[in-house]
Peer 1: 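Okay, here's the structure, questions in a sec.
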Amino acid sequence: GWQGRNACVLRVRLASYISTDKNQYFWSAEGLTDGWQLIDGYQLTLADLPYGDFEIHLRGRTENRAWSSEELSIAITVLRPFYLKWWFWLAVVALIALLVVGIIRLRVESLRRSRERLRSLVAERTAQIRKDQQTILQQKQELETLNLGKDKVMSIIGHELKGILF
C-alpha cells in the first residue's frame with residue numbers, strides 16, 4: 001500500500017505457519033541498499049524514494065534458519081510529479097506568454113479607445129472654438145457698425161453745436 005508521497009509499504013509473510021512471530025524477512029534493492037537489510041516485523045516501509053525504476057527483492061527465513069525456497073522480486077516505478085516534467089513547464093511558459101499577449105492586446109485596445117475619445121474631444125472643442133470665433137467676429141462687426149453710427153451722430157451733434165455757438 002501507499003503511505004503518502006514517495007512512500008511504499010509492503011507487508012510480507014512466509015508460507016510457514018509454525019512460529020510465525022520468529023520468522024525473519026530481508027530485503028534489498030539495487031541502488032537503494034548495500035546488501036540485504038532486515039525488515040523489522042512484517043512490514044517494509046520505503047519512504048522518500050528517488051524517481052525512477054527499482055526492483056525490490058524479498059526473502060524470508062524461518063525460525064530454524066531455513067531460507068525461503070524462492071526470492072520475491074517486485075518492480076516499482078516512482079514517477080516524477082507532473083510539475084517536474086518538461087511538458088508541464090512548456091505549458092506554463094505557453095500560458096504565461098498567452099497571458100502577456102492578452103494583457104498587451106487589452107492595453108493596446110484601451111489606448112486606441114482613449115486616442116479615439118481624445119480625437120473626438122479635440123474635434124468637439126475645435127468646433128466650439130470656431131463657433132466662438134465666428135460669434136466674436138460677428139460681434140466685432142456689429143460693434144464697428146455701431147461705432148461708425150455713433151461717430152456720425154457725434155459729428156452731426158458737434159456740427160450743430162458749432163453752428164449755434166459761433
Peer 1: For F26 and Q37, what are the C-alpha separation, side-chain angles and deciding distance, and is it a side-chain contact (heavy atoms from CB on, under 4.5 Å)?
Peer 2: CA-CA 5 Å; F26 295 85; Q37 305 288 320; over 6 Å; no
Peer 1: Salt bridge check: are E116 and R119 linked by an N-O gap of less than 4.0 Å?
Peer 2: yes
Peer 1: Please say whether the positively charged group of R59, taken as NZ for Lys or CZ for Arg, lies over the ring of W27, i.e. under 6.0 angstrom from the six-membered ring centre and within 45 degrees of the axis.
Peer 2: no
Peer 1: So does W89 have more than 12 non-hydrogen atoms from other groups sitting under 6.0 Å from CH2?
Peer 2: no
Peer 1: Between L38 and Y25, which heavy-atom pair has the shortest distance, and what is it?
Peer 2: CD1-O, 3.5 Å
Peer 1: Indicate whether the side chain of S73 and that of H57 have a donor and an acceptor atom separated by less than 3.5 Å.
Peer 2: yes
Peer 1: Is L84 reachable from F54 through a run of I, L, V, M, F, W or Y residues, each pair having side-chain heavy atoms under 4.5 Å apart?
Peer 2: yes
Peer 1: If you take all heavy atoms of I39 and Q43, which pair is closest and at what distance?
Peer 2: CG2-O, 3.3 Å
Peer 1: Check W87 against F82 and note the closest heavy-atom contact, atom names and distance.
Peer 2: CH2-CB, 3.8 Å
Peer 1: So, taking the atom named CG in L58 and the one named CD in E70, what distance separates them when rounded to the nearest 0.5 Å?
Peer 2: 13.0 Å
Peer 1: Hey, could you give me the CG/CD distance between L143 and Q138, rounded to the nearest 0.5 Å?
Peer 2: 11.0 Å
Peer 1: Let me confirm one number: the CG-CG distance from L46 to L10, rounded to the nearest 0.5 Å.
Peer 2: 6.0 Å
Peer 1: Given the rule that I, L, V, M, F, W and Y join up when any side-chain heavy atoms are under 4.5 Å apart, are I104 and L98 in one cluster?
Peer 2: no
Peer 1: So, taking the atom named CD1 in I129 and the one named NZ in K131, what distance separates them when rounded to the nearest 0.5 Å?
Peer 2: 13.0 Å
Peer 1: Quick one: closest heavy-atom pair of A29 and I56, and the distance?
Peer 2: CB-CD1, 3.6 Å
Peer 1: State yes or no: do Y83 and L95 share one hydrophobic cluster built from I, L, V, M, F, W and Y residues joined by side-chain heavy-atom distances below 4.5 Å, directly or via other members?
Peer 2: no
Peer 1: What do you reckon, is CG of D40 surrounded by more than 12 foreign heavy atoms closer than 6.0 Å?
Peer 2: no
Peer 1: Treating Ile, Leu, Val, Met, Phe, Trp and Tyr as nodes and any side-chain heavy-atom pair under 4.5 angstrom as an edge, say whether V108 and V100 lie in one connected cluster.
Peer 2: yes
Peer 1: Quick one: do L148 and M154 end up in the same hydrophobic cluster if we chain Ile, Leu, Val, Met, Phe, Trp and Tyr together by side-chain heavy atoms under 4.5 Å apart?
Peer 2: no
Peer 1: For residues Y51 and R80, report the shortest heavy-atom separation together with the two atoms involved.
Peer 2: CD1-NH1, 3.5 Å
Peer 1: Report, as yes or no, whether the 6.0 Å neighbourhood of atom CZ on R107 holds more than 12 heavy atoms from other residues, nucleotides or ligands.
Peer 2: no
Peer 1: Calculate, to the nearest 0.5 Å, the distance between atoms OG1 and CG belonging to T126 and L121 respectively.
Peer 2: 9.0 Å
Peer 1: At their closest point, which heavy atom of P50 faces which heavy atom of L32, and how far apart are they?
Peer 2: CD-CD2, 3.9 Å
Peer 1: Between V78 and I76, does the side-chain contact (heavy atoms from CB on, under 4.5 Å) criterion hold? Intermediate values first, please.
Peer 2: CA-CA 7 Å; V78 178; I76 294 178; 4.2 Å; yes
Peer 1: When rounded to the nearest 0.5 angstrom, what distance separates CZ in R11 from OH in Y42?
Peer 2: 13.0 Å
Peer 1: Near E30 CD, under 6.0 Å, is it more than 12 heavy atoms from other residues, nucleotides or ligands?
Peer 2: no
